[in-house]
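Taking it in order: structure first as structure tokens, then the write-up.
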There are 2 protein chains.
Amino acid sequence: MHTADAVETIQREMTVFARRARAAAGRMHPELSLVSYTLLGHLEESGGCRATDLAVHYALDKSTVSRQVAGLERAGLIERRPDAADQRVQVLHLTGAGRHILAQVTESRRAAFRERLADWPAQDLSRFADYLVRYNASPGPGRQD
Amino acid sequence: MHTADAVETIQREMTVFARRARAAAGRMHPELSLVSYTLLGHLEESGGCRATDLAVHYALDKSTVSRQVAGLERAGLIERRPDAADQRVQVLHLTGAGRHILAQVTESRRAAFRERLADWPAQDLSRFADYLVRYNASPGPGRQD
DNA sequence: TTCCATGGTTGCACAGCCCAACCACCTGCC
DNA sequence: GGCAGGTGGTTGGGCTGTGCAACCATGGAA
């Protein structure tokens, strides 16, 4: 495959994937949208952070994050803790329930991916993962984090 | 990288990508949403098809496609032609303007991807493209096409 | 001819998003 | 101290994309 074709293909396939991912996530886990899942995952990974951090990391408007966070708190999946050093700040943390749901959804997502990738040779899997990381890590439009 | 980790990584990175793609596309091309772009692209590629075909291919509700198509027609980017064999059917075709805009957006998207992938070795590009095709082609949740 | 399937549209509701305006707090400078 | 400008967060308003359900028109088979 020539380089130009490869770039073209990557563009098209990434787009197709993006077009489907949200809907697929919604069908798989009606209880936790793709957005919520992502935010929860980030909280777990970071061990708690501010709403602004989430907004910056995901290139979302702070109002969007604010409403998502409000929803997640209403659902009892996260809690806000005051920051001792700055009264404006609320540090967001997963609750037990949040951690539980996140683990469940992660597991079922993982199972779906595993099934889908079941017949891939290990080396291909590993390379694919590497390429995705490299792609997402590269600077580009829509990447302000 | 172990297989389990690779699967985990692929899941996470694909999700991150999906989270960003729509917004990035919107920022890059306010005149043509990711959805419209995708539909136009499919029309170009297929040389004209029915709304139902689009809906099936992209796992969208037919009402969604109907509205998208209406918008694209209003914008003068596509036209509907009656199907001689079935009076219910409207075959959708790109107009000259549609072809023109699609080419522009494709080119600028291609440029963005190219820049982003500029320092990738050709072999990696080609393998990455191949993996994405393979992934998208595999059956899985959210894939009814 | 009658009945069901299929292609498409419309009404309705909802999620996710952004922008702008706003409040509360922090920080630096006078 | 006190004011100005920056920062974290919320709220109001509006748009797009989406699905579901109900509907209409046409096609096709019993």
Side-chain angles (χ1 to χ4, degrees), chain A residues 15-16 18-40 48-75 78-92 142 144, chain B residues 15 18-40 48-75 78-92 141-142 144:
Chain A
T15 304
V16 167
R19 278 275 307 96
R20 289 173 181 150
R22 191 176 305 238
R27 273 190 291 274
M28 266 199 292
H29 313 288
E31 77 283 8
L32 196 61
S33 74
L34 185 58
V35 187
S36 302
Y37 173 73
T38 308
L39 296 184
L40 252 44
C49 70
R50 305 173 306 163
T52 294
D53 299 333
L54 293 176
V56 170
H57 187 78
Y58 292 108
L60 289 173
D61 193 82
K62 59 183 181 169
S63 66
T64 301
V65 173
S66 173
R67 275 181 261 263
Q68 289 289 333
V69 163
L72 290 173
E73 189 192 26
R74 231 182 349 262
I78 67 176
E79 62 183 11
R80 313 176 193 233
R81 300 186 194 158
D83 182 297
D86 189 337
Q87 297 298 101
R88 294 170 304 177
V89 169
Q90 340 178 323
V91 184
L92 307 173
Q144 281 84 35
Chain B
T15 304
R19 277 275 307 95
R20 290 172 180 151
R22 190 177 305 236
R27 271 189 294 272
M28 268 199 291
H29 313 288
E31 77 282 8
L32 197 60
S33 75
L34 186 59
V35 188
S36 302
Y37 173 74
T38 308
L39 297 184
L40 250 45
C49 70
R50 305 172 306 163
T52 294
D53 298 332
L54 294 176
V56 170
H57 188 78
Y58 293 107
L60 289 172
D61 194 81
K62 58 183 181 169
S63 65
T64 300
V65 172
S66 173
R67 274 180 267 264
Q68 291 290 332
V69 163
L72 290 173
E73 188 191 26
R74 228 179 354 260
I78 67 176
E79 61 183 12
R80 315 178 192 229
R81 301 185 192 159
D83 182 294
D86 188 336
Q87 296 298 103
R88 295 170 303 178
V89 169
Q90 340 179 322
V91 184
L92 307 173
Q144 281 84 35

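Within every chain, numbering begins at 1; the chains are lettered A, B, ... in the order of the sequence lines, protein sequences first and strands thereafter. In what follows, every heavy atom counts, from backbone to side chain, and hydrogens, waters and symmetry copies are set aside. Computed from a predicted structure; not experimentally measured.
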Over how many whole Å does the gap from [X] atom [atom1] to [N] atom [atom2] extend?
{"X": "B:Asp53", "N": "C:dG7", "atom1": "CG", "atom2": "P", "answer": "8 Å"}
{"X": "B:Leu60", "N": "C:dA15", "atom1": "CG", "atom2": "P", "answer": "19 Å"}
{"X": "B:Tyr37", "N": "D:dG17", "atom1": "OH", "atom2": "P", "answer": "16 Å"}
{"X": "B:Leu34", "N": "D:dT18", "atom1": "CG", "atom2": "C1'", "answer": "14 Å"}
{"X": "B:Leu54", "N": "D:dT18", "atom1": "CG", "atom2": "C1'", "answer": "16 Å"}
{"X": "B:Leu32", "N": "D:dT16", "atom1": "CG", "atom2": "C1'", "answer": "14 Å"}
{"X": "A:Ile78", "N": "D:dG9", "atom1": "CD1", "atom2": "P", "answer": "11 Å"}
{"X": "A:Arg50", "N": "D:dG9", "atom1": "CZ", "atom2": "P", "answer": "6 Å"}

Closest non-hydrogen atom pair between [X] and [Y], with its separation:
{"X": "B:Asp83", "Y": "B:Gln87", "result": "O-OE1, 3.7 Å"}
{"X": "A:Leu34", "Y": "A:Thr38", "result": "O-OG1, 2.6 Å"}
{"X": "A:Ala51", "Y": "A:Val65", "result": "O-CG1, 3.5 Å"}

According to a strict under-4.0 Å criterion, is [X] in side-chain N/O contact with OP1 or OP2 of [N]?
{"X": "A:Gln90", "N": "D:dT10", "value": "yes"}
{"X": "A:Arg80", "N": "D:dG8", "value": "no"}
{"X": "A:Gln68", "N": "C:dG16", "value": "yes"}
{"X": "A:Thr52", "N": "D:dG9", "value": "yes"}

In B/S/- notation, 5' to 3', how is nucleotides 19-24 of chain C contacted by protein heavy atoms closer than 4.0 Å? BB---B
Could you check if a side-chain atom of A:Cys49 sits within less than 4.5 angstrom of a side-chain atom of A:Val91, using non-hydrogen atoms only?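 A side-chain contact under 4.5 Å is absent here.
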Check step by step if side chain to side chain donor-acceptor pair (under 3.5 Å) holds for B:Ser33 and B:Ser36. CA-CA 5 Å; B:Ser33 75; B:Ser36 302; 3.1 Å; yes
Could you measure the distance from the CG atom of B:Leu72 to the CD1 atom of B:Ile78? Nearest 0.5 Å is fine.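 Rounded to the nearest 0.5 Å, the CG-CD1 separation comes out at 4.5 Å.
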Using heavy atoms to find the nearest nucleotide of DNA chain C for A:Asp86 and B:Val65 separately, return the residue whose nucleotide is more 5′.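 In this pair, the answer is B:Val65.
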Name all pairs fulfilling the salt bridge (Lys or Arg N to Asp or Glu O under 4.0 Å) condition that reach into residues 52-69 of chain B, sequence neighbours left out, sorted by first residue then second.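 Matches after skipping sequence neighbours: B:Arg50-B:Asp53.
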For the side chain of A:Ser66, starting at C-beta, report the closest nucleotide among C:dT9, C:dG8, D:dT11. D:dT11
